[in-house]
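Following: one structure in structure tokens, then a few remarks.
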Amino acid sequence: MEKQRSFSIKPTRLLVFSFTISSSLLLVFFFSIWVLNRTPLIPQATQLQFNESSLSLGFKSLQVQAFAGFNKNFTYHAARNTTPVDTHFRIPDISSGNSVASVIGKVQIKENEYGVSDGGNQSEVGKGTSATKSYSKNDDNSSKRIDASSDERIGEKMTSKCDISNGRWVFDESYPLYTNGSCPFVDEGFSCQVNGRPDKDYFKWRWQPHDCNIPRFNAVKMLELLRGKRLVFVGDSINRNQWESMLCLLKGAIKDPKRVYETHGRRITKEKGNYSFKFVDYKCTVEYYVTHFLVHESKARVGQKRVPTLRIDSIDRGTSRWKGADILVFNTAHWWSHYKTKAGVNYYQEGDKVHPHLDVSVAFRRALITWASWVDKHINPHKTRVFFRSSAPSHFRGGQWNSGGHCKEATQPLNNISGINYPEKNIIAEEVIKQMKTPVILLNITNLSEYRIDGHPSVYGRKPDKGSSSSVQDCSHWCLPGIPDTWNELLYFYLLYKEIQSST
């Protein structure tokens with residue numbers, strides 16, 4: 001009988017077998033690592049897209065659709081070196097059917113460093129063109145308060161198209177951005193708190209566009225944008241209102257007050273109309289030059305008398321100060337009233353002719369054409385960015401400024417502005433701007449300011465010991481801090497947008 005074979009493995013073979021298995025496993029492990037390293041991950045790329053943006057900042061064409069009697073279309077071709085951007089002036093419908101125009105800023109920005117982001121839900125007024133939610137600070141539906149330490153809301157996304165002029169006012173405890181105590185540049189007429197105004201809610205409202213957030217004003221970034229440049233405001237006392245606001249906003253970034261001064265040693269008052277403040281550390285100036293009409297206030301002989309006239313065919317005599325500015329902010333509207341223009345009787349002059357009577361709208365258009373011609377001839381669009389601020393509303397109730405009009409009782413924004421007509425002067429300005437060869441940005445603040453009946457000095461435009469009369473109230477200018485700060489936040493947003501556009 002054959003013996004059964006025993007199965008055995010020699011030690012040498014066992015060693016070879018173990019080595020082979022180990023080598024194979026190691027080879028598979030290192031091959032897997034190599035494959036993973038060679039396969040690229042799909043990054044969450046930060047994108048900055050300007051999708052035919054219509055933020056009117058270097059626009060190639062402007063289209064205006066006007067309703068309520070202004071049924072016209074306009075196309076404007078800007079300088080060839082500008083980024084192609086479509087800008088639309090939309091006049092959205094409000095419940096009354098009246099027209100309200102706005103600059104449409106369609107900007108698509110994802111995860112950008114400037115913090116333009118989706119909107120919040122604070123207590124609000126002005127949803128659409130009329131408020132749909134109470135503006136009470138105690139509303140339980142109000143969202144959390146803004147974190148004042150986060151100036152730029154970095155990292156938030158704003159992917160929807162944004163019309164920054166169409167929105168609502170939200171109550172925000174982190175405002176104001178400065179106080180009368182921290183800013184010495186507010187003149188008496190705008191220093192409502194110093195003059196005894198008791199309520200403080202009026203400077204705690206923030207403008208919230210419906211489709212996005214505008215970045216909170218950052219004084220350091222704004223000064224960096226202005227480094228080595230001239231920011232010049234040209235216009236009437238409402239533009240001085242905005243200019244003083246800008247000085248106060250920027251001063252927040254300057255620790256040593258001696259590093260900001262008026263170059264001629266002038267103190268801001270209503271009497272003097274020309275100022276230039278230098279910010280030494282940034283080698284920039286923020287200037288204001290007064291002109292009520294942008295055209296020349298003159299005199300001419302009518303009959304046997306020499307009377308004041310307005311040369312609507314001749315630019316204001318102060319233009320030498322405007323030239324060379326890097327940013328120009330123009331306005332005119334406040335003085336174009338029948339009272340201040342003598343109802344157009346023997347007031348408007350062209351050449352040697354003084355018109356016996358001329359309608360204020362016709363004169364306003366001709367004056368703006370004169371201004372536009374000067375800008376096209378003397379402003380280099382490669383160096384200077386030009387803004388034209390739309391008209392700011394007045395809120396006189398029960399009369400005009402000189403006939404008992406008042407607004408003292410208002411301590412909250414209007415809840416509804418339906419039934420308010422869009423100013424014809426804004427329509428005229430839009431039409432003239434469309435015919436210019438120089439790119440001009442309409443800084444449209446009319447609609448958002450219309451809600452703010454609570455923002456005027458009323459009887460607090462002078463100190464009580466000066467014998468102010470309750471029968472004379474200022475419902476045209478604005479308290480500081482206050483609504484002009486928002487106008488400057490919009491200006492800041494436009495300048496940031498240009499910086500983003502340039503960097504891409």
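- In this structure a side-chain-to-backbone donor-acceptor pair under 3.5 Å is present from N426 to S391.
- Atom CG of D201 is separated from atom OG1 of T411 by 7.5 Å, given to the nearest 0.5 angstrom.
- A side-chain donor-acceptor contact under 3.5 Å links N195 to the backbone of E188.
- Counting only distance, with no hydrogens or angles, the side chain of E450 and the backbone of P393 share no donor-acceptor pair below 3.5 Å.
- The backbone N or O of R397 lies less than 3.5 Å from a partner atom in the side chain of H406, making a donor-acceptor pair.
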message = Could you walk me through whether S245 and N488 satisfy the side chain to side chain donor-acceptor pair (under 3.5 Å) test, starting with their C-alpha distance in whole Å, then the side-chain angles of each, then the deciding distance to 0.1 Å, before giving a yes or no?
response = CA-CA 8 Å; S245 161; N488 283 322; 2.9 Å; yes

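- Side-chain contact, D474 with S476: no donor N or O sits under 3.5 Å from an acceptor N or O.
- Here the side chain of N444 pairs no donor or acceptor atom with the backbone of S390 at under 3.5 angstrom.
- A salt bridge between E224 and K221 is absent, with no side-chain N of the basic residue lying under 4.0 Å from a carboxylate O of the acidic one.
- S314 and R317 are linked by a side-chain donor-acceptor pair at a separation below 3.5 angstrom, with hydrogens and angles left out of the test.
- Between Y288 and Y275, the ring planes lie parallel to each other; the angle is under 30°, not in the 30° to 60° tilted range.
- In this structure, K408 and Y460 have side chains that are in contact, with non-hydrogen atoms separated by less than 4.5 Å.
- Under 4.0 Å is where a charged nitrogen must lie from a carboxylate oxygen, and between E430 and K434 no such pair does.
- What you find for C407 and H395 is that their closest heavy atoms are CB-O, 3.6 Å.
- Taking the charged nitrogens against the carboxylate oxygens, R206 and E489 have no contact shorter than 4.0 Å, which rules out a salt bridge.
- Around the CZ atom of R267, the shell of radius 6.0 Å holds no more than 12 heavy atoms that belong to other residues, nucleotides or ligands.
- Salt-bridge annotation for D326 and R385: absent, with no side-chain N of the basic residue lying under 4.0 Å from a carboxylate O of the acidic one.
- S237 and H477 share a side-chain donor-acceptor pair at under 3.5 Å.
- Of all non-hydrogen atoms in D313 and Q349, the two that sit nearest each other are OD1-O, 3.6 Å.
- For residues 276-295, every residue pair satisfying the salt bridge (charged side-chain N to carboxylate O under 4.0 Å, His left out) rule, not counting sequence neighbours, is listed here: R230-E287, R259-D281.
- A salt bridge links E173 to K204: at least one charged side-chain nitrogen sits closer than 4.0 Å to a carboxylate oxygen.
- In this structure the side chain of P484 never reaches within 4.5 angstrom of the side chain of F190, judged on heavy atoms.
- Y347 and P308 make their closest contact through CD1-O, 3.5 Å (heavy atoms, listed as atom of the first residue, atom of the second, distance).
- In summary, the side chains of W205 and T486 do not present any donor paired with an acceptor at a separation below 3.5 Å, with no hydrogens or angles considered.
- Side-chain contact annotation: D376 with T438, donor-acceptor N/O pair under 3.5 Å present.
- Partner of T291 under the side-chain hydrogen bond (donor to acceptor under 3.5 Å, both in side chains) criterion, out of N331, T332, T319, D316: D316 alone.
- Closest approach of A219 and A253 over heavy atoms only: CB-CB, 3.6 Å.
- Two residues are said to be in side-chain contact when any heavy atoms from C-beta on lie closer than 4.5 Å; F277 and L231 fail this criterion.
- Across all non-hydrogen atoms, the minimal contact from R311 to S298 is CG-CB, 3.8 Å.
- For the pair W243 and V286, the tightest heavy-atom approach, listed with the atom from each and the gap, is NE1-O, 3.2 Å.
- Across F387, F233, W322, a single residue satisfies ring-ring contact (aromatic ring centres under 6.0 Å, His included) together with F330, and that is W322.
- Because its NZ or CZ atom is not both nearer than 6.0 Å to the ring centre of Y492 and within 45° of the ring axis, R216 does not count as a cation-pi partner of that residue.
- Side-chain atoms of D163 do not come within 3.5 Å of backbone N or O of P209 as any donor-acceptor pair.
- Remark: the Q193 side chain and the Y202 side chain contain an N/O donor-acceptor pair separated by less than 3.5 Å.
- W169 carries R452 over the face of its six-membered ring, with the cationic atom under 6.0 Å from the centre and within 45° of the normal.
- Using modelled atom types, no side-chain atom of W207 and backbone atom of S165 make a donor-acceptor pair closer than 3.5 Å.
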